[in-house]
Trainee: 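Once you've had a glance at the structure underneath, I'll fire off some questions.
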Amino acid sequence: MTRGSESRRLRLWAVALCCAVLSGCITDLDGLRPDETDARLTKAGDNAAKRGDLATAAALYQQAHAAKPSETVALKSLASTLYKLESFRESADSWRAAIALNAEDADAWTGLGRSELALARIGEAKSAFSKSLAVRPNDARTLMSAGVALDLSGEHSEAQSRYREALALSPGDLATQNNLALSYAFAGDLGQAMTLLQQITNRADAGPRNRANYALVLILDNQLDAAESVLLADNVKEEVDRWIRAFEALLPLTGADLARAVFNLDRNIGTPPA
């Protein structure tokens with residue numbers, strides 16, 4: 001078993017344990033109507049989530065949905081929480097259950113798409129985002145996520161169109177600009193990628209992820225010294241060297257292969273590869 005799968009197994013065990021504990025501790029719900037029980041448990045789950053206690057939140061959302069299984073509010077909160085816990089398969093299952101109750105729920109389709117992306121099921125993710133946009137076409141977050149799925153399948157021109165649509169709705173959005181710049185790099189247009197990423201890294205709200213992506217594109221353009229200078233803003237020299245080795249390993253890749261490698265690496269920015 002990999003470290004990641006072991007970690008996910010332990011998180012699911014924690015959720016199950018919370019369910020068992022909560023079933024014995026929440027005793028003031030007897031006699032309440034299902035809608036009252038559902039609302040109270042959902043609110044308790046929201047409070048737990050705000051505290052950062054995601055395992056307890058997930059357990060409470062599970063109980064809330066069990067109290068009123070025809071409603072999707074607690075079910076969607078459960079799906080989102082499981083995603084944050086990196087229990088992506090269970091998150092996807094919960095989103096599907098919500099969609100089974102309401103096939104016109106754009107948020108549920110988008111949530112399912114994000115979970116499918118995390119599971120590397122790119123075709124399923126593209127389909128989910130398309131169904132979300134069919135219901136709600138002018139959603140910047142979903143357009144950006146659809147762009148990511150298109151990049152991962154090698155459809156870079158189409159991905160860039162989605163990012164531009166998202167930016168038209170949400171001008172200057174940092175994540176969307178970052179993804180558009182990377183899409184240029186995946187398509188082989190390093191000049192345009194570097195220009196946009198340089199603009200991004202000059203922004204006050206730019207973070208380590210943005211600077212690391214800029215360094216990656218600089219390395220793809222064989223500008224090693226410049227990439228090292230960018231990475232030193234957030235990392236000590238030893239960490240910089242590890243990042244550079246990881247980025248240099250991507251040099252033989254292009255198109256969808258490069259996009260998928262960067263997607264997997266980008267999700268772990270801040271934890272330099274060994």
Side-chain angles (χ1 to χ4, degrees), residues 2 4 88 113-130 142-167 173-201 206-231 234-235 239-274:
T2 65
F88 302 123
R114 293 180 67 222
S115 295
E116 296 289 19
L117 272 184
L119 291 165
R121 299 196 294 224
I122 310 305
E124 290 87 343
K126 287 169 58 180
S127 176
F129 293 135
S130 293
T142 303
L143 285 164
M144 183 188 71
S145 297
V148 173
L150 288 163
D151 264 330
L152 293 172
S153 61
E155 301 169 76
H156 306 304
S157 177
E158 293 83 353
Q160 290 159 27
S161 294
R162 289 301 197 194
Y163 296 138
R164 293 189 191 98
E165 290 178 59
L167 287 169
D173 181 75
L174 185 64
T176 306
Q177 285 189 333
N178 182 85
N179 288 345
L180 175 59
L182 287 175
S183 185
Y184 289 143
F186 303 149
D189 190 348
L190 297 181
Q192 200 159 358
M194 285 186 290
T195 297
L196 183 51
L197 280 165
Q198 185 175 37
Q199 294 171 0
I200 290 169
T201 54
R209 181 184 300 273
N210 307 115
R211 287 184 285 273
N213 287 332
Y214 184 29
L216 164 65
V217 175
L218 288 168
I219 287 176
L220 294 176
D221 196 50
N222 296 310
Q223 297 187 45
L224 180 58
D225 290 344
E228 182 176 4
S229 177
V230 170
L231 287 169
D234 303 297
N235 304 278
E239 292 171 337
V240 168
D241 291 342
R242 291 159 68 191
W243 272 121
I244 288 175
R245 286 196 300 271
F247 290 157
E248 287 180 328
L250 306 182
L251 284 170
L253 304 178
T254 60
D257 291 334
L258 177 59
R260 294 183 187 193
V262 170
F263 178 76
N264 290 330
L265 192 61
D266 193 52
R267 289 176 60 197
N268 298 303
I269 293 293
T271 307

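Computed over heavy atoms, backbone and side chain alike; hydrogens, waters and symmetry mates excluded. What you see is a predicted model, and the numbers here were worked out from it, not measured in a lab.
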Trainee: Treating Ser161 as the side-chain partner and Ser157 as the backbone partner, does any N or O pair qualify as donor plus acceptor under 3.5 Å?
Mentor: yes

Trainee: So, for Leu197 and Asn213, which heavy atoms are closest and what is the spacing to 0.1 Å?
Mentor: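 Smallest interatomic distance, heavy atoms only, reads CD1-O, 3.7 Å.
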
Trainee: Going through the checks in order, is the side chain to side chain contact (heavy atoms under 4.5 Å, CB included) test met by Gln199 and Thr195?
Mentor: CA-CA 6 Å; Gln199 294 171 0; Thr195 297; 3.8 Å; yes

Trainee: Nearest 0.5 Å please: distance from the CG atom of Leu253 over to the CZ atom of Phe186.
Mentor: 10.5 Å

Trainee: Inspect the contact between Arg245 and Glu248 and indicate whether a charged nitrogen and a carboxylate oxygen are less than 4.0 angstrom apart.
Mentor: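 Arg245 and Glu248: not salt-bridged.
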
Trainee: Write down the atom of Asp234, the atom of Pro208, and the distance for their closest heavy-atom approach.
Mentor: OD2-CA, 3.6 Å

Trainee: Is Lys126 close to Glu155 at the side-chain level, that is, under 4.5 Å between some pair of heavy atoms?
Mentor: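 Yes, side chains in contact.
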
Trainee: Does a side-chain heavy-atom distance below 4.5 Å link Trp243 with Leu265?
Mentor: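 SC-SC contact between Trp243 and Leu265 confirmed.
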
Trainee: If you round to the nearest 0.5 Å, how far is CD of Glu158 from OG of Ser183?
Mentor: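 Result: 9.5 Å between the selected atoms.
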
Trainee: Report yes if some heavy atom in the side chain of Leu174 is under 4.5 Å from a heavy atom in the side chain of Asn178; otherwise report no.
Mentor: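 No, their side chains stay 4.5 Å or more apart.
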
Trainee: Quick check: do Leu258 and Leu220 have side-chain heavy atoms less than 4.5 Å from each other?
Mentor: yes

Trainee: Heavy atoms only: give me the nearest Ala125-Ala149 pair and the separation to one decimal.
Mentor: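 The pair with the smallest heavy-atom distance is CB-CB, 4.5 Å.
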
Trainee: In a check of side chain to side chain donor-acceptor pair (under 3.5 Å) between Asp151 and each of Arg162, His156, Arg260, which one passes?
Mentor: His156

Trainee: Compare every heavy atom of Ala212 with every heavy atom of Leu231, then report the nearest pair and how far apart it is.
Mentor: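 So the minimum-distance heavy-atom pair works out to CD2-CA, 4.0 Å.
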
Trainee: Should Phe129 and Leu117 count as side-chain neighbours, where that means a heavy-atom distance under 4.5 Å?
Mentor: yes

Trainee: Between Ala215 and Phe247, which heavy-atom pair has the shortest distance, and what is it?
Mentor: CB-CE1, 4.3 Å

Trainee: Judged by atom type as modelled, is there a donor-acceptor pair below 3.5 Å linking the side chain of Asn264 to the main-chain atoms of Ala261?
Mentor: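 Not at all, since once roles are kept as given, no pair shorter than 3.5 Å links the two residues.
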
Trainee: What distance do Thr201 atom OG1 and Arg209 atom CZ have between them, rounded to the nearest 0.5 Å?
Mentor: 15.5 Å

Trainee: In sequence, state the C-alpha distance, the side-chain angles, and the governing distance for Tyr163 and Asp173, and then conclude on side chain to side chain contact (heavy atoms under 4.5 Å, CB included).
Mentor: CA-CA 10 Å; Tyr163 296 138; Asp173 181 75; over 6 Å; no

Trainee: From Asn235 CG over to Glu228 CD, what is the distance, rounded to the nearest 0.5 angstrom?
Mentor: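 Here the rounded value is 11.0 Å.
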
Trainee: On a heavy-atom basis, which atom in Ala185 and which in Ala193 lie closest, and how many Å separate them?
Mentor: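 That would be N-CB, 3.8 Å.
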
Trainee: Find the distance between CD (Gln160) and CG (Leu182) and round it off to the nearest 0.5 Å.
Mentor: 11.0 Å

Trainee: Measure the CD1-CZ distance between Ile244 and Arg242 for me, rounded to the nearest 0.5 Å.
Mentor: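 Going from CD1 on Ile244 over to CZ on Arg242, the span is 12.5 Å.
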
Trainee: Among Thr176, Asn179, Ile122, which residue satisfies the side-chain contact (heavy atoms from CB on, under 4.5 Å) criterion with Val148?
Mentor: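 Running side-chain contact (heavy atoms from CB on, under 4.5 Å) over Thr176, Asn179, Ile122 with Val148 returns exactly one hit, Asn179.
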
